[in-house]
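Whatever order the structure lists them in is the order used to number ligands and atoms, beginning at 1.
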Amino acid sequence: MNDCIFCKIINKEIPSKIVFENDKVIAFEDLAPVAPIHILIVPKKHLASAVDLNSEEDFEYVKEVYKAAKVIATEMEISESGFRIVNNCGEDGGQTVKHIHFHLIGGRKLEGMA
Ligand code: AMP
Ligand code: ZN
């Protein structure tokens, strides 16, 4: 997608602080962190949101997201203390970037849900 900011990050057209990358996902620091650790894990296929996951191949990306989350959390030493993985979907879900992504948030005690 030409005008998608996360596709541009995937294609290295705009900079980001990448912490993990393989052929299926890229993970980089969120520009506006809400916790000491706030990473965005983004499938390399442009899918607008969770409701646009259709094929088995699409769902394979979600699996890769969780595998990456485990690696990153372990590297950042929060796999024991705990963390949160959040996917905002659609307007009421608070999604602002229309390329599916998962927030990995940790490094402090998280409260509440919304
Ligand atoms: P969401 O509200 O779930 O769509 O989350 C979008 C997230 O992307 C927000 O937490 C933003 O701070 C973050 N974000 C937007 N643009 C960038 C960027 N260029 N680099 C890193 N994070 C970004
Ligand atoms: Zn995109």
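The backbone N or O of Ala48 lies less than 3.5 Å from a partner atom in the side chain of Gln95, making a donor-acceptor pair. With hydrogens and angles ignored, the 3.5 Å screen pairs no side-chain donor or acceptor of Lys44 with any backbone N or O of Tyr61.
Around CG of Asp92, the count of heavy atoms belonging to other residues, nucleotides or ligands within 6.0 Å does not exceed 12. Open room surrounds NZ on Lys67; 12 or fewer heavy atoms of other groups in view lie less than 6.0 Å from it. Counting non-hydrogen atoms of neighbouring residues, nucleotides and ligands closer than 6.0 angstrom, the CD atom of Glu77 reaches no more than 12 such neighbours. Atom CD of Glu56 is surrounded by 12 or fewer heavy atoms from other residues, nucleotides or ligands within 6.0 Å.
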Present, as a list of atom pairs with distances to 0.1 Å, all nitrogen or oxygen contacts under 3.5 Å between ligand 1 and the protein.
{"from": "ligand 1", "atom 1": "2 (O)", "to": "Gly94", "atom 2": "O", "distance (Å)": "3.0"}
{"from": "ligand 1", "atom 1": "2 (O)", "to": "Thr96", "atom 2": "N", "distance (Å)": "3.4"}
{"from": "ligand 1", "atom 1": "2 (O)", "to": "Thr96", "atom 2": "OG1", "distance (Å)": "3.0"}
{"from": "ligand 1", "atom 1": "3 (O)", "to": "Asn88", "atom 2": "ND2", "distance (Å)": "2.8"}
{"from": "ligand 1", "atom 1": "3 (O)", "to": "His101", "atom 2": "NE2", "distance (Å)": "2.9"}
{"from": "ligand 1", "atom 1": "3 (O)", "to": "His103", "atom 2": "NE2", "distance (Å)": "2.8"}
{"from": "ligand 1", "atom 1": "4 (O)", "to": "Thr96", "atom 2": "N", "distance (Å)": "2.7"}
{"from": "ligand 1", "atom 1": "4 (O)", "to": "Thr96", "atom 2": "OG1", "distance (Å)": "3.1"}
{"from": "ligand 1", "atom 1": "4 (O)", "to": "Val97", "atom 2": "N", "distance (Å)": "3.0"}
{"from": "ligand 1", "atom 1": "4 (O)", "to": "His101", "atom 2": "NE2", "distance (Å)": "3.0"}
{"from": "ligand 1", "atom 1": "5 (O)", "to": "His101", "atom 2": "NE2", "distance (Å)": "3.0"}
{"from": "ligand 1", "atom 1": "5 (O)", "to": "His103", "atom 2": "NE2", "distance (Å)": "3.2"}
{"from": "ligand 1", "atom 1": "10 (O)", "to": "Asp30", "atom 2": "OD1", "distance (Å)": "3.2"}
{"from": "ligand 1", "atom 1": "10 (O)", "to": "Asp30", "atom 2": "OD2", "distance (Å)": "2.5"}
{"from": "ligand 1", "atom 1": "12 (O)", "to": "Asp30", "atom 2": "OD1", "distance (Å)": "2.5"}
{"from": "ligand 1", "atom 1": "22 (N)", "to": "Leu31", "atom 2": "N", "distance (Å)": "3.2"}

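For His99, the N/O/S atom at the shortest distance from the Zn ion (ligand 2) is named ND1.
For His99 and His101, the distance between ring centers is not under 6.0 angstrom.
Here His46 contributes ND1 and Cys7 contributes SG, and at the Zn ion (ligand 2) these two atoms make an angle of 110°, given to 10°.
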